[in-house]
Participant: 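Dumping the structure here so I can ask a few things about it.
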There are 2 protein chains.
Amino acid sequence: MPFNLLLNNISKFIHLESNEQEIFISYLKQKKLKRKQIFLDEGEVCKYSAFVTEGCLRGYTVDKNGDEHVLSFAPPDWWIADMYSLISQKPGILTIEALEDTEIILLSKADQEKLYIEIPKFERFFRILIENSLVANQQRIIDNMSLTAEERYKIFCKRYPTLIDTLPQKQIASYIGVTPEFFSRMRSGLLRRG
Amino acid sequence: MPFNLLLNNISKFIHLESNEQEIFISYLKQKKLKRKQIFLDEGEVCKYSAFVTEGCLRGYTVDKNGDEHVLSFAPPDWWIADMYSLISQKPGILTIEALEDTEIILLSKADQEKLYIEIPKFERFFRILIENSLVANQQRIIDNMSLTAEERYKIFCKRYPTLIDTLPQKQIASYIGVTPEFFSRMRSGLLRRG
DNA sequence: GGAAAAAGATGATGTAGGTTAAGAAATTAA
DNA sequence: TTAATTTCTTAACCTACATCATCTTTTTCC
């Protein structure tokens, strides 16, 4: 069952009767992405939330100098979308790209709205999901303001241990908010010392 | 009617029947805070969401050097809480303080949960509220990574025009993520040039 | 209304992290 | 399996912003 990971994830927050599960599943589509394939490009309107079942996506923006800044990674069991664009249905600023061959489950904005009405429990599920995301984002703002790059890196290692080994360093550097060059220096400094 | 501002705010997202309004109002408490009064202190468990009707609050953290970092301001018509602590009911890291004499409406975590069950529409209301907050916080992360302090200040001016005149410069500096000294210099530079 | 406290301005100097450049190592793709 | 591409490292130099210290102005509050 390809939807097991998602259903299991949901069951942590709400209980679905089997007919509700069926309705839900009827709204889902599967999609495979090749490494480097763009799932959503800057300037597009985001029409889907994506739930990753295999592989990994990254959401990033490009600034006026052409530098990329990673807003989020989405390994298996995570959702990703351009929230701004998804909500407003206006062109977004995020590019979402596969870092490796990746499999996702899609839920369209329109179907998500239907779901809220047909099975109000989903309103609760997504509220909780977004609450948790908000807390994580607020913590990241605080960390960015009050910690050094090295401290932020250590926190990243603790919080996302699985990503450390799989992601290219430059992606982590970009998420942390430093250049790959500085990130490299920082890491070799960390190795030499404690 | 002291709850008008809040009811009006809610009516932008969901429609409440008058009996539902009554139930909702029965859960609310009013509170007045004096300038500099602490509404929530670091290390406390956050038991209430606060909706500001008059004055202004700020939520901030204190880092290991004793420096403060403003996560959010709450002028009238805004909610504020330590979301992490409110959700987890664990000790929080935010201090929430009145920047001037302020009036707020309180909704306890427990009553909010009751509300979700008794009037499911509130699940929708708070979902939308939190979605918008998440988008704003994500944009702030991106801005912090990709813009200079000056650019962030200009965005702040556009986004919160009313706050510019009322807030002490050092509070805005702290929100922007710079020291008051640098903020002062930056501003005088902006005045001299365009 | 006036003393005390807080906020703001400004100068000199320090530093975390950026930039540029160039070579080495690892991955990819054919 | 190898050429091409991407990633990583290291070094020299640079800059946005921090720190510290002192002074002026504004606000607070009795």
Side-chain angles (χ1 to χ4, degrees), chain A residues 33-37 55-56 58 60 62-70 73 97-102 143-156 163-193, chain B residues 33-37 55-56 58 60 62-70 73 97-102 143-156 163-193:
Chain A
L33 300 167
K34 283 279 170 206
R35 182 182 139 81
K36 293 201 179 172
Q37 191 177 338
C56 189
R58 70 190 256 254
Y60 66 93
V62 181
D63 69 22
K64 59 173 190 272
N65 304 319
D67 293 327
E68 296 177 0
H69 303 276
V70 173
F73 297 114
E97 177 211 46
L99 287 167
E100 44 189 290
D101 291 358
T102 296
D143 290 348
N144 285 343
M145 293 199 292
S146 52
L147 302 178
T148 63
E150 201 169 301
E151 290 167 322
R152 277 178 270 140
Y153 173 56
K154 283 181 183 164
I155 286 174
F156 185 92
L163 293 178
I164 294 295
D165 309 315
T166 50
L167 291 177
Q169 284 183 197
K170 59 181 292 202
Q171 301 301 344
I172 301 175
S174 171
Y175 181 96
I176 299 290
V178 296
T179 56
E181 294 89 343
F182 182 76
F183 187 80
S184 172
R185 253 182 293 173
M186 197 181 76
R187 259 178 43 100
S188 71
L190 271 177
L191 290 178
R192 235 174 284 121
R193 312 180 335 250
Chain B
L33 299 167
K34 283 282 172 203
R35 183 182 138 81
K36 293 202 178 172
Q37 191 177 337
C56 189
R58 70 190 257 253
Y60 66 92
V62 181
D63 69 22
K64 59 172 189 271
N65 303 319
D67 293 326
E68 297 177 0
H69 303 277
V70 174
F73 296 114
E97 177 212 46
L99 287 167
E100 43 189 291
D101 292 358
T102 296
D143 290 348
N144 285 342
M145 291 198 295
S146 52
L147 302 179
T148 63
E150 202 169 298
E151 291 166 321
R152 277 177 268 139
Y153 172 57
K154 283 180 184 165
I155 286 174
F156 186 92
L163 292 178
I164 294 294
D165 309 314
T166 50
L167 290 178
Q169 284 183 199
K170 60 181 294 203
Q171 300 302 341
I172 301 175
S174 171
Y175 182 95
I176 298 291
V178 296
T179 57
E181 293 91 338
F182 183 77
F183 187 80
S184 170
R185 255 180 295 225
M186 198 181 78
R187 259 178 43 103
S188 70
L190 271 178
L191 289 178
R192 233 173 286 120
R193 306 173 348 241

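Throughout, protein chains are lettered first and strands after them, A, B, ... in sequence-line order, and every chain is numbered starting at 1. Scope of the values below: all heavy atoms of this structure, side chains included, with no hydrogens, waters or symmetry mates.
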Participant: Can you measure A/His69 atom NE2 to C/dG17 atom P for me and round it to whole angstrom units?
Facilitator: 16 Å
Participant: By nearest atom, which of the nucleotides D/dT10, C/dG18, C/dA9 is closest to the B/Gln169 side chain?
Facilitator: C/dA9
Participant: Give the nucleotide from the list C/dG17, C/dA6, C/dG8 with an atom nearest to the side chain of B/Lys36.
Facilitator: C/dA6
Participant: Between A/Glu181 (CD) and D/dC8 (P), how many Å, whole number?
Facilitator: 11 Å
Participant: Could you tell me the separation between the NZ atom of B/Lys34 and the C1' atom of D/dC30, rounded to a whole number of Å?
Facilitator: 14 Å
Participant: Measure up the B/Tyr175 and B/Phe73 rings against each other and bin them: parallel (under 30°), tilted (30 to 60°), perpendicular (over 60°).
Facilitator: parallel
Participant: Decide yes or no, distance alone: a donor-acceptor N/O pair under 3.5 angstrom between the base of D/dT19 and the side-chain of B/Arg185.
Facilitator: yes
Participant: Find out whether the Lys NZ or Arg CZ of B/Arg58 is both under 6.0 angstrom from the six-membered ring centre of B/Tyr60 and within 45° of the ring's axis.
Facilitator: yes
Participant: Can you identify which nucleotide, out of C/dA7, C/dG17, D/dC17, has its nearest atom closest to the A/Ala149 side chain?
Facilitator: C/dG17
Participant: Within a strict 4.5 Å, meaning less than it, do heavy atoms of the B/Phe183 and B/Met186 side chains meet?
Facilitator: yes
Participant: Given D/dA18, C/dT10, D/dT7, identify the nucleotide with an atom nearest to the side chain of B/Ser188.
Facilitator: C/dT10
Participant: Do any side-chain nitrogens or oxygens of B/Arg35 fall under 4.0 Å of OP1 or OP2 in D/dT28?
Facilitator: yes
Participant: Please tell me if B/Ser184 has a side-chain N or O lying less than 4.0 Å from either OP1 or OP2 of C/dA9.
Facilitator: yes
Participant: Charged N to carboxylate O under 4.0 angstrom, A/Arg152 versus A/Asp143?
Facilitator: no
Participant: Could you check which of C/dT10, D/dA18, D/dT10 has an atom nearest any side-chain atom of B/Val178?
Facilitator: D/dA18
Participant: In terms of side-chain heavy atoms of A/Thr148, which of D/dC8, C/dG17, D/dT10 is nearest?
Facilitator: C/dG17
